[in-house]
Amino acid sequence: MKMSFLKKTNIPQILFSILVLSSCGKDKNGGQEEAVKEKDTLGKMVPMGPEKKISASYINSVKGRINHFYNKNWPNNSMNGSFLVAKNGQIIFEKYNGFANKNKDTKITADTPVQIASVSKVLTATAVLKLINLGKIGLDQKVNTILKTFPYEECTVRMLLCHRSGMRNYAYFTDRDKSVWDRHNQLTNKDILDILATKNVGLESRVGTRFAYCNTNYAMLALIIEKITGLTYKEAMYQMIFKPLGMTHTYVFDDDKERKNIVPSYKGNGVEIGFDYLDNVYGDKNVFSTVRDLLKFDRARNAPDFLKPALLKEVYTGQSNERKGTKNYGLGIRMINWETGQNFYFHNGWWHGNTSSYITLMNEGVTIIALSNKMTRNTYAVRKLAPVFGDYPFQFKDEE
């Protein structure tokens, strides 16, 4: 019987089948191993995992105070923007009011991206920090080893991040002298680098000697992102931050494509503010987003594996200590450091009629964000909510 079975059976075919199955198994496992081993060469952001759910009683205990603040700060729903407060990524309070576009009679909703102005710097810094985290660049690497025509030899990536380069603001050195720049032409990041390299515009202070908030620093950081990733800033931000975090209503403004479609900004009296020659520069501004998308971004920055511990510590350490005081600046984040030990981390923005405020209360897991496309300083008042959640010794009577 055994001999009869073997005679009828195609032994080579059986052996071949076993070999194929074995090979498929190896390919499958090998493929999984390759997927695990595949390196992230861009330093893509990873969403925050599940966080501790907040109770209904907790929400009720703070919601009334937030609502009181909202009604006092923006009486009669006068905000003309977006406002959100969340804890552990869970929204406690949000409001959307006013016009996205008065001419089109469109209203601001949860899905309306507006210009976040200098809050864009936090996102630009985040992309740079992720590249540092990967070892693609060094925090104290000299800028001219990356941008070859950059003229200030002692300036480092760190100095750009914390505004200690000594450079002048591009909005000022391109404003008056036509031999430096003709304002009839749109200025770009590359143009700024070319001007620095060829026009001898000079420094405001010696490199590395003092803090001076300057948009030019972040225009250069955007060029560094492009140089290291081989992508445009717009595409790099999409691939590194917006796409992996599901920030579906966030983008970098592209003047050629989006000018007619973006949410415009307005003066306090409701008059629309037009574009000018500075509107093509990115890195320091020009990210459009929503409060919900920025909440996703904030939670990802608070995730345990955002950055290596040593680098993360640098981010939230004040880099501008030449003058004693509570105000300071880290690596892409503003801060207030009280002598009592409390720390408050935030960034504000203002461009044309757009004002923005991003606050991350790290110890409490609280995110506070306000965005407006109609000029008002009330956006910045959202810091008054910090004491609702923790021990933040603001003296608000001094600001009234």
Side-chain angles (χ1 to χ4, degrees), residues 43 117-174 187-197 201-229 231-233 236-237 240-241 252 278 281-287 301 307 311-322 328-335 347-349:
S118 282
V119 172
S120 302
K121 290 182 174 72
V122 186
L123 284 80
T124 300
T126 297
V128 173
L129 290 165
K130 292 296 282 185
L131 292 172
I132 293 170
N133 202 58
L134 269 182
K136 295 278 187 177
I137 49 178
L139 179 57
D140 294 305
Q141 183 174 350
K142 291 184 177 179
V143 176
N144 67 0
T145 64
I146 307 167
L147 306 176
K148 301 301 182 183
T149 60
F150 186 79
Y152 310 116
E153 291 184 6
E154 298 307 311
C155 184
T156 65
V157 174
R158 181 197 294 268
M159 291 173 190
L160 297 181
L161 284 166
C162 65
H163 298 286
R164 298 184 66 84
S165 69
M167 285 191 292
R168 300 182 186 279
N169 192 324
Y170 66 79
Y172 303 148
F173 64 68
T174 60
L187 187 72
T188 68
N189 292 55
K190 188 178 182 302
D191 292 327
I192 296 171
L193 178 58
D194 290 344
I195 291 168
L196 293 175
V201 296
L203 291 168
E204 192 170 272
S205 60
R206 191 160 56 87
V207 172
T209 58
R210 70 182 182 91
F211 169 83
Y213 186 85
C214 176
N215 289 335
T216 310
N217 294 312
Y218 277 73
M220 294 300 99
L221 286 169
L223 290 179
I224 287 173
I225 292 169
E226 292 184 332
K227 185 71 175 178
I228 298 301
T229 64
L231 303 170
T232 63
Y233 173 79
M237 296 300 282
M240 295 176 69
I241 300 176
V252 176
L278 301 171
V281 181
Y282 47 76
D284 58 327
K285 60 181 186 308
N286 267 355
V287 172
R301 272 182 61 103
L307 297 173
L311 180 56
L312 187 65
K313 185 178 179 182
E314 294 269 20
V315 173
Y316 294 103
T317 298
Q319 307 279 321
S320 304
N321 299 304
E322 64 270 14
N328 217 315
Y329 203 97
L331 302 181
I333 195 79
R334 285 188 180 275
M335 60 187 70
H347 213 294
N348 290 336

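Counting from 1, the numbers follow the sequence of the chain as shown. Quick caveat, the model's predicted, so the values are computed rather than measured.
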First locate atom [atom1] of [X], then atom [atom2] of [Y], and finally report the distance between them rounded to the nearest 0.5 Å.
X	Y	atom1	atom2	value
Phe211	Ser205	CZ	OG	11.0 Å
Ile137	Ile228	CD1	CD1	5.5 Å
Asn189	Leu223	CG	CG	5.0 Å
Leu231	Ile225	CG	CD1	10.5 Å

Practice problem: Enumerate the residue pairs fulfilling ring-ring contact (aromatic ring centres under 6.0 Å, His included) with a member in residues 131-155, sequence neighbours excluded, ordered by first and then second residue. | Solution: Phe150-Tyr152

Exercise. Not counting sequence neighbours, list each pair that qualifies as a ring-ring contact (aromatic ring centres under 6.0 Å, His included) and has a residue in residues 125-145.
Key: none

Exercise. Could I get the full list of side-chain contact (heavy atoms from CB on, under 4.5 Å) partners for Lys313, not counting sequence neighbours?
Key: Thr317

Self-check item: Partner set under side-chain contact (heavy atoms from CB on, under 4.5 Å) for Ala197, not counting sequence neighbours
Solution: Thr149

Practice problem: Run the numbers on Asn348 and Arg334 for side chain to side chain contact (heavy atoms under 4.5 Å, CB included), then give the verdict. | Solution: CA-CA 8 Å; Asn348 290 336; Arg334 285 188 180 275; 5.6 Å; no

For [X] against [Y], the heavy-atom pair lying closest together:
X	Y	result
Ala171	Leu278	CB-CD1, 3.8 Å
Ala236	Thr229	CB-OG1, 3.9 Å
Val281	Ala219	CG1-CB, 3.9 Å
Tyr170	Thr174	O-OG1, 2.6 Å

Quiz item: Excluding sequence neighbours, so at least two apart, what forms ring pair (Phe, Tyr, Trp, His ring centres under 6.0 Å) with Tyr316?
Solution: Tyr345

Quiz item: Who passes side chain to side chain donor-acceptor pair (under 3.5 Å) against Thr188, sequence neighbours left out?
Solution: Asp191

Practice problem: State which residues pass side chain to side chain donor-acceptor pair (under 3.5 Å) with Asn328; sequence neighbours excluded, sorted by chain then number. | Solution: Asn321

Exercise. Taking Arg168 for its side chain and Phe173 for its backbone only, find out whether a donor-acceptor pair lies under 3.5 Å.
Key: no

Kindly indicate whether the side chain of [X], heavy atoms from C-beta on, has any atom under 4.5 Å from the side chain of [Y].
X	Y	result
Leu147	Ile224	yes
Thr216	Leu196	yes
Leu193	Met220	yes

Hey, can you pull the donor-acceptor pairs under 3.5 Å for the side chains in residues 119-135, sequence neighbours left out?
residue, atom, partner, partner atom, Å
Ser120, OG, Ala117, O, 2.7
Ser120, OG, Val287, N, 3.2
Lys121, NZ, Ser118, OG, 2.8
Lys121, NZ, Tyr213, OH, 2.9
Lys121, NZ, Asn215, OD1, 2.6
Lys121, NZ, Asp284, O, 3.3
Thr124, OG1, Ser120, O, 3.2
Thr124, OG1, Tyr233, OH, 2.7
Thr124, OG1, Gly283, O, 2.7
Thr126, OG1, Val122, O, 2.7
Thr126, OG1, Arg301, NH1, 2.6
Lys130, NZ, Phe306, O, 2.9
Asn133, OD1, Lys308, N, 2.9

Quiz prompt | Residues Arg210 and Glu204 bridged, charged N to O under 4.0 Å | solution = yes

Exercise. Kindly write out the residues that satisfy salt bridge (Lys or Arg N to Asp or Glu O under 4.0 Å) with Glu322, not counting sequence neighbours, or none if the list is empty.
Key: Arg164

Quiz item: Listed by chain and number, what are the salt bridge (Lys or Arg N to Asp or Glu O under 4.0 Å) partners of Lys227, not counting sequence neighbours?
Solution: none

Self-check item: Any pair counted as salt bridge (Lys or Arg N to Asp or Glu O under 4.0 Å), so long as it reaches residues 146-155, sequence neighbours left out
Solution: Lys142-Glu154

Donor-acceptor list for residues 156-163 side chains, cut-off 3.5 Å, not counting sequence neighbours:
residue, atom, partner, partner atom, Å
Thr156, OG1, Met159, N, 3.3
Arg158, NE, Asp140, OD1, 2.7
Arg158, NH1, Glu314, OE1, 3.0
Arg158, NH1, Gln319, OE1, 3.1
Arg158, NH2, Asp140, OD2, 3.0
Arg158, NH2, Glu314, OE2, 3.4
His163, ND1, Cys214, N, 3.1
His163, ND1, Cys214, O, 3.4
His163, ND1, Asn217, ND2, 3.1
His163, NE2, Tyr329, OH, 3.3

